[in-house]
There are 2 protein chains.
Amino acid sequence: MLTAMSPSIGRPSLRDRTREEVFALIRDSRDLTRSSLVDLTGLPSSTVSHAVTRLLAEGRVTESTAPAKGPGSGSGRPGLILNAVASATRTGAIDFGHRHLRVGLGDDMGNVVDEETVVLNVDRSPVKGLDEAVRLLRALCDRNQVTSLACVVGGVPGPIEAGTGLVNSTTTLSNWAGMYPARELEDRLGVPALVANDASVGAVGELYHGAGRGHRDFLYIKASHGIGAGLVVNGQPYQGGSGFAGEIGHIIIAGRPELCRCGNRGCLEAVVSVPSVREQLGHTHPHLDPDSIELASLEDPISARILNEAGRSLGAVLAGLCDLFNPTLLVIGGELGTSGKSLIDGVRASVNRYAQPATSAAITVVPAGLGRRAELMGAVQMAGALSHQ
Amino acid sequence: MLTAMSPSIGRPSLRDRTREEVFALIRDSRDLTRSSLVDLTGLPSSTVSHAVTRLLAEGRVTESTAPAKGPGSGSGRPGLILNAVASATRTGAIDFGHRHLRVGLGDDMGNVVDEETVVLNVDRSPVKGLDEAVRLLRALCDRNQVTSLACVVGGVPGPIEAGTGLVNSTTTLSNWAGMYPARELEDRLGVPALVANDASVGAVGELYHGAGRGHRDFLYIKASHGIGAGLVVNGQPYQGGSGFAGEIGHIIIAGRPELCRCGNRGCLEAVVSVPSVREQLGHTHPHLDPDSIELASLEDPISARILNEAGRSLGAVLAGLCDLFNPTLLVIGGELGTSGKSLIDGVRASVNRYAQPATSAAITVVPAGLGRRAELMGAVQMAGALSHQ
DNA sequence: GGGGGTTTTTTCGCGCAATGAAGGAATGAA
DNA sequence: TTCATTCCTTCATTGCGCGAAAAAACCCCC
C-alpha cells in the first residue's frame with residue numbers, strides 16, 4: 001500500500017534523471033519555454049535542448065507553435081511554449097462523504113475525465129460504501145473504455161494513521177474506525193491505493209484547482225457534520241507526525257456549555273457544525289428538513305446572523321491556530337463553508353480580531369472555490385501525482 | 001541577504017551531481033557505509049563506489065578503519081564507515097537574548113568551535129547588541145586565527161518578515177521592531193547574514209543536537225519573558241507563509257483576567273511567562289531577586305505548584321495547537337522550560353487531557369535538551385548549512 | 001584451519017548523457 | 001537593411017553512470 005505522496009520513488013535510472021526532471025517541470029508548471037527551463041534548472045541550454053528534443057521525439061511533450069509573449073524582456077526571438085501530453089493512463093478517485101459518494105476517473109495530469117455521484121449513507125456502512133464505490137468506478141471505466149487504472153486515491157472522514165493506513169479508533173466514533181480502507185480498495189481493485197483524510201484531500205483540490213492556487217501555506221477547513229482541517233505546507237499536503245494533523249474538531253472553547261458527542265463540553269464541532277447550526281435554525285425554520293435542505297438557501301436576517309455567529313466561533317479558534325501556523329489563506333469548505341457570505345464574514349471578523357495583527361494581515365479568508373467537489377478533485381490530483389512515481 | 005535555508009542552490013555542475021548528493025548524505029547522516037548509501041540513493045553500487053573513491057581522493061571524506069558493527073545482518077564483510085571532513089570554513093552565530101548575548105564560531109558541519117557569552121540588556125538597545133555581537137565575533141575570530149567567515153546566522157526575539165528580513169512592528173513591542181538585523185550584520189561584517197526568530201533558531205538547535213533528534217515534526221516552545229514557538233516540519237524549520245509562524249504568545253485563554261502588555265486580557269504570555277510566574281512566586285519568596293535568581297532553584301511545594309499550574313495553562317493552549325499540527329514532540333525551552341519537572345508535568349497533563357487521544361498519544365513532552373544554548377547551537381547549525389549552498 | 005555462505009566493495013569496458021563553444025534562427029528597433 | 005537581442009540547435013569531447021563479475025572481508029561450522 002502506498003502511504004504518502006513521496007517524490008520520485010521510481011527513478012528509472014540516473015542517466016536520464018535530467019530528462020525526467022525537465023519533464024516533471026513541464027508537467028507541473030505552465031507556459032514553460034526552453035529558456036525558462038534553463039533558468040529553473042540551472043542547466044546549460046544545450047542540455048535542456050537535448051532533453052526537450054528527446055521528449056518531443058518520444059511524444060511526451062508538444063510545442064505550441066504560437067510563440068510565448070511572456071515578460072522575457074521585449075525583443076528577441078520568442079520562445080516556444082512546451083506542454084506535457086496527458087498520457088492514456090487513467091486513475092481512480094473516491095470521495096467518501098457522510099451521505100454521498102463521489103467517484104471519478106482522472107488522467108495523470110490531475111484532470112477529471114469523468115465522474116459520478118450517488119446519495120448514500122456511507123457513514124452507516126463503510127463496507128457498503130467501498131463496494132458501491134468500486135462498482136461505480138468499474139462502471140466509469142467501462143463507459144470510458146478504460147481497461148486498467150494506475151492507482152486509486154480516496155478521502156474518508158476520519159484520522160488515518162501514517163504508515164499503516166488504519167483509521168484511528170480512539171479519536172473518531174465513526175464506523176470507519178479500525179478499518180484499513182486503502183487495503184480494502186487494493187484488495188477489491190488490484191491496484192495501488194492511497195486513502196487520506198477527507199479534509200487533507202480537499203486541501204489538495206483547492207491547492208491545485210481552487211482557491212489555494214498560488215498559495216504555498218494555507219488551511220482548508222471542512223466544516224460539515226464535523227470539523228476538520230487540511231494543511232498545505234510549503235506547497236505540499238501535510239499530514240502531521242503520525243497522520244492526524246488537522247483534527248481540530250474537538251478543540252475546546254472555554255466557557256461554552258454545548259455537550260459534544262465525545263463527552264466534553266464546548267468542543268468546536270459541538271458549537272459549529274451542521275447539526276448544531278441546524279438546531280439553531282430550527283427555531284426560525286420549524287419545517288427545515290434536516291437531511292435535504294441547503295443551508296445556502298437561507299437568506300433571511302436571522303439565519304444570516306446565526307451563521308455569522310457560527311463563523312465567529314470558528315474564527316476565534318482558527319485565530320490561535322493561525323498564530324502558530326501563519327497561513328496566507330483560509331479556505332472554508334464543507335456544507336457550512338459553502339453556505340454563503342455570512343459565515344465567512346464571521347470567520348474573517350474573528351481572525352482579524354484575535355490573531356496577531358501581522359498574522360491576520362497576511363491572511364485571506366474565502367469559501368471553497370470548488371464547493372463540494374474539492375475532495376474529489378483533490379483525490380484525482382493526488383492520484384495523478386501518484387501515477388507518475 | 002539570505003532569507004531561507006533552501007537546499008543546494010549552488011549546483012556546481014550536473015555532471016557530478018551524484019557525487020555531491022552522496023557527499024551531502026555523508027555529511028548530514030552518521031555512520032554511513034557505501035552499501036547504506038546504495039540503499040539510500042538507489043544507485044548502483046558501482047556508481048557509489050566511484051563517487052566515494054573520488055571524494056576520498058579529494059580529501060572531503062575519510063574512512064574510519066574500524067568496521068561498522070551496524071545491524072547489517074550479522075555475517076558478511078563489514079562496511080567501512082565514511083565521515084565527512086569538516087573543512088576549515090568558519091561561520092558566525094549569534095543569539096540575541098533579552099539580557100544576554102551569546103556569540104559562537106562554528107564549522108561547516110554545524111559544530112561549535114568556540115563561544116562567548118556576556119550579560120547585556122539587548123532589549124534596551126538592539127543596536128548596541130549588534131555592535132557588541134560583532135565585536136565579540138571578531139574577537140573569537142582573532143582568538144582562533146580565523147581570517148574570514150562564510151556567513152553569519154542570528155536569532156532575535158521578534159517576528160521576522162519573510163523575504164525582507166524586517167522585524168515586524170505591528171506584532172512586537174520590542175526595540176527590534178522596524179529593524180533589518182540581517183542587513184545590519186551584513187553591513188558590519190561584509191558576509192552573508194541570515195537572521196531568524198529566536199524560537200525558530202532554538203528549534204533547529206534541538207533538532208540537530210538536542211531533544212529533537214530523530215523527530216521530523218515537533219514544536220520547540222521558548223517560554224521566557226514572552227512565549228514563542230519554533231516549528232519543525234518534515235525535518236525542516238518552518239517559518240510560515242510570511243515568516244510569523246510560532247507567534248503564539250498572544251493566543252487568548254478565554255475567561256482569564258490577566259492584563260497583557262498588548263492590551264488584551266488573558267493572553268498566554270500574560271498568564272505564563274517569567275514576569276507573571278515571578279510575581280506569583282513573590283508571595284512566597286518575598287526576597288526573590290527579579291533579575292538573577294534561577295527559577296530552577298525553587299524546589300518547595302508551593303513553588304512547584306505554581307510552576308505546575310503555569311505548565312497546565314500553557315499545555316491547554318498547546319493541546320489545541322497539537323490537534324492541528326500533530327507533532328511527535330514538544331520541547332519546552334526558555335527560562336521556564338528549564339525550570340524543572342513541575343512545569344513540564346503540567347504541560348504534559350494538559351496535553352493529555354485536552355488534545356485528541358490519538359494526537360496526545362503520539363506526543364512526548366520534554367524540557368529543552370540543550371537548555372539555554374539551544375539558540376546558539378541552532379544558529380551554528382543553520383550557518384553550517386548555509387555555508388555549503 | 002579449511003570450506004561454504006554472506007555481505008561489502010572494487011574492477012572493467014561500454015554507452016551515452018552533460019558540457020561549452022559556436023553558430024543559426026526569429027524577432028524588434030534603428 | 002543592419003544591428004542588437006534572445007532563443008535554440010549543432011558538434012565534438014569528456015567522463016559519469018551502468019551492469020556484470022570478481023575480489024575482499026567477515027562469520028559459522030565441521
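In what follows, chains carry the letters A, B, and so on, assigned in the order in which the sequence lines appear, proteins first and then strands, with residues in each chain numbered from 1. Computed from a prediction, not measured in an experiment: that's the story for all the values here.
- Between the OG atom in Ser45(A) and the CG atom in Asp39(A) there is a gap of 10.5 Å [rounded to 0.5 Å].
- For the pair Leu43(A) CG and dC8(D) P, the interatomic distance rounds to 15 Å; values are reported in whole Å.
- Here the CG atom belonging to Asn83(A) is positioned 5.0 Å from the OG1 atom belonging to Thr62(A), to the nearest 0.5 angstrom.
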Identify every side-chain donor-acceptor pair in residues 51-58 of chain B under 3.5 Å, counting partners at least two apart or on other chains, and give the distances.
{"unit_1": "Thr53(B)", "atom_1": "OG1", "unit_2": "Ser49(B)", "atom_2": "O", "d": "2.6"}
{"unit_1": "Arg54(B)", "atom_1": "NE", "unit_2": "Glu58(B)", "atom_2": "OE2", "d": "3.4"}
{"unit_1": "Glu58(B)", "atom_1": "OE2", "unit_2": "Arg19(B)", "atom_2": "NH1", "d": "3.3"}

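- In this view, Glu63(A) and Arg34(A) satisfy the salt bridge (charged side-chain N to carboxylate O under 4.0 Å, His left out) rule, not counting sequence neighbours.
- A donor-acceptor pair under 3.5 Å links the side-chain atoms of Ser29(A) to the main chain of Leu25(A), judged by distance alone.
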Can you tabulate the close N/O pairs, meaning under 3.5 Å, that link protein atoms to atoms of nucleotides 9-11 of chain C?
{"unit_1": "dT9(C)", "atom_1": "OP1", "unit_2": "Leu80(B)", "atom_2": "N", "d": "2.7"}
{"unit_1": "dT9(C)", "atom_1": "OP2", "unit_2": "Arg34(B)", "atom_2": "N", "d": "3.4"}
{"unit_1": "dT9(C)", "atom_1": "OP2", "unit_2": "Ser35(B)", "atom_2": "N", "d": "2.8"}
{"unit_1": "dT10(C)", "atom_1": "OP1", "unit_2": "Arg34(B)", "atom_2": "NE", "d": "3.4"}
{"unit_1": "dT10(C)", "atom_1": "OP1", "unit_2": "Arg34(B)", "atom_2": "NH2", "d": "3.1"}
{"unit_1": "dT10(C)", "atom_1": "OP2", "unit_2": "Arg34(B)", "atom_2": "NE", "d": "2.7"}
{"unit_1": "dT10(C)", "atom_1": "OP2", "unit_2": "Ser49(B)", "atom_2": "OG", "d": "2.8"}

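- Between Arg19(B) atom CZ and dT14(D) atom C1' the separation is 13 Å, expressed in whole Å.
- Between the P atom of dC18(D) and the CZ atom of Arg17(A) lies a distance of 8 Å, rounded to the nearest Å.
- Nearest nucleotide to the Arg54(B) side chain, out of dT19(C), dC16(D), dA17(C): dC16(D).
- Arg373(B) and His209(B) share no donor-acceptor pair across their side chains, judged by distance under 3.5 Å alone.
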